[in-house]
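When a ligand or atom number is given, it counts from 1 through the structure's own listing order. Predicted model, so just to flag it, every value in this text is computed and none were measured. Numbering of residues begins at 1 and proceeds along the displayed sequence.
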Amino acid sequence: MTWSHLTQAAAQRSAAGLDRSLRSREQGEQLLDLAGNDYLGLSDDPRVVAAAQEALRAWGAGATASRLITGSIRLHEDLEAALAAYFGAAGALVFSSGYLANLAAITALADDETLIVSDAFNHASIVDACRLSRADVVIVPHRDIAALSHALEANNRRRALVVTESVFSVDGDAADLSGLYEVSSRHGAALLVDEAHSFGVVGEGGSVAAAGLAGREDIVITATLSKAAGAQGGAIIAAQPVIEHLINTARPLIFDTGLAPAATAAALAAVRIMTTDPDRCAKVREAARRIHGLAVARGLEAAAPDGAVVSVVLPDARGGVAERERWRSRQILVGLFRPPSVPDGRSRLRLTAKATLTESDFEHIDSALAGVPTEVILPETEPGPSRGRGVTATIASP
Ligand code: PMP
């Protein structure tokens with residue numbers, strides 16, 4: 001049979017407890033959602049929803065074409081100005097997803113004369129972009145600035161691009177952006193920071209601004225509009241020469257339909273709320289610290305959160321599925337990271353804090369945490385540096 005290899009692969013996945021399936025949410029479901037990325041609770045905020053409805057009425061359902069044809073609308077420009085102001089940069093460009101923003105930035109800024117140095121825990125969209133770029137790619141151990149320095153010293157390409165997440169989706173820990181920038185600029189390398197998990201959460205203008213680096217010409221920021229902004233889409237925030245280069249060369253801008261009007265207006269309303277109500281952002285960080293404190297008090301292993309994500313390490317993948325189901329039976333949705341979505345082979349229960357959590361939610365979370373197994377099996381190998389055109393680490397978060 002044509003698909004026998006797929007059936008075999010499915011059987012292997014199932015035996016390893018690694019099969020995945022889709023489960024739809026039902027409208028009006030009364031579940032506590034610690035699995036989604038709606039950190040600020042903005043996806044159903046009446047102001048955000050009203051902005052999307054108005055855009056739908058005024059502009060229709062779709063952008064109708066790619067950005068360079070007829071797919072650029074005034075709303076994109078307004079959102080780009082708001083994003084540039086939020087991050088303290090000269091310009092911004094919006095894309096139809098954060099995944100495409102990373103593909104666009106990395107493939108347009110790196111080529112076969114470039115060395116890319118990428119953190120081992122970087123997101124799958126970064127991994128894929130590195131592969132597509134044809135650059136020489138070195139993967140350095142997670143948050144290892146000395147390894148970055150070695151890689152840049154050994155660089156024999158004309159250019160270098162250092163790529164990191166600001167707050168990592170796997171463990172919710174932060175990159176040392178000042179340290180990365182210091183080493184990168186000393187070697188004439190540009191720094192790309194994916195602010196997917198810090199936009200709307202860290203500081204009042206994201207992680208790059210919080211590190212005092214807003215507006216540097218050699219820093220490029222990417223972001224998603226689908227997490228704290230509660231909408232859909234992605235963005236690149238950068239200096240004007242970078243924006244112009246992207247408009248002329250980035251394939252996800254040239255060959256993909258522009259971001260839909262409703263998503264654009266929703267994201268714009270969300271950025272305005274983030275700017276006028278920074279307490280909301282402080283609240284989500286406080287909620288994450290509280291969940292982390294509860295987990296540690298129950299003897300669980302979890303990195304201290306620098307954003308909204310708290311990742312609790314689990315003994316094995318099969319245990320993870322049972323654990324997620326146990327939380328669901330308590331009316332709580334939690335995320336589960338399993339191989340191949342985790343770089344070090346250790347499964348994690350992923351609890352996402354929200355600005356809207358109540359006292360009774362925290363009690364509910366604490367009682368569910370009491371049942372999480374504490375025995376942890378360490379991985380046989382840690383990810384080390386690797387060099388080559390291909391990227392060996394495969395990391396993804398949903
Ligand atoms: N970068 C990171 C770090 C992410 O976690 C995600 C979302 N999982 C993305 C990029 C992709 O964003 P989007 O969902 O908007 O495509």
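Checked by atom type and distance alone, the side chain of Ser226 never pairs as donor or acceptor with a backbone atom of Ala231 at under 3.5 Å.
Shown in contact with Thr224 at under 4.0 Å from a heavy atom are these atoms of ligand 1, numbered in order with element: 12 (O), 13 (P), 15 (O). Those atoms of ligand 1 that come under 4.0 Å of a heavy atom in Gly233, given as number and element, are 15 (O). Within the listing of ligand 1, atoms 11 (C), 12 (O), 13 (P), 16 (O) sit less than 4.0 angstrom from a heavy atom of Tyr99. Those atoms of ligand 1 that come under 4.0 Å of a heavy atom in Gly98, given as number and element, are 11 (C), 12 (O), 13 (P), 15 (O), 16 (O). If you number the atoms of ligand 1 from 1 as listed, the ones under 4.0 Å from a heavy atom of Ser125 come out as 1 (N), 10 (C).
Inclusion of Asp194 in the set of residues having an N or O under 3.5 Å from an N or O of ligand 1 is warranted. In terms of N/O distances under 3.5 Å, ligand 1 is not approached by Ala196.
The hydrophobic clustering, which links ILVMFWY residues whose side-chain heavy atoms are closer than 4.5 Å, places Ile332 and Val321 together.
The proximity of Asn102 to ligand 1, defined as any non-hydrogen pair under 4.0 Å, is limited to the side chain. Here His197 has side-chain heavy atoms under 4.0 Å from ligand 1, and that is the only part of it that gets that close.
Taking the six-membered ring for Trp and the full ring otherwise, Phe168 and His142 have centroids separated by under 6.0 Å.
Ligand 1 has Lys227 within reach: a non-hydrogen atom of the residue lies less than 4.0 Å from it. Remark: distances from the non-hydrogen atoms of Gly234 to ligand 1 are all 4.0 Å or more. For Ala124, the closest heavy-atom approach to ligand 1 does not fall below 4.0 Å.
Side-chain contact annotation: Thr70 with Thr64, donor-acceptor N/O pair under 3.5 Å present. Remark: the Ser367 side chain and the Arg330 side chain contain an N/O donor-acceptor pair separated by less than 3.5 Å.
Nearest approach of Gly212 to Arg216, heavy atoms of both residues: O-NH2, 3.6 Å.
Glu359 meets the salt bridge (charged side-chain N to carboxylate O under 4.0 Å, His left out) test with Arg290; sequence neighbours excluded. Not counting sequence neighbours, the partners of Tyr86 by the ring-ring contact (aromatic ring centres under 6.0 Å, His included) test are Phe199.
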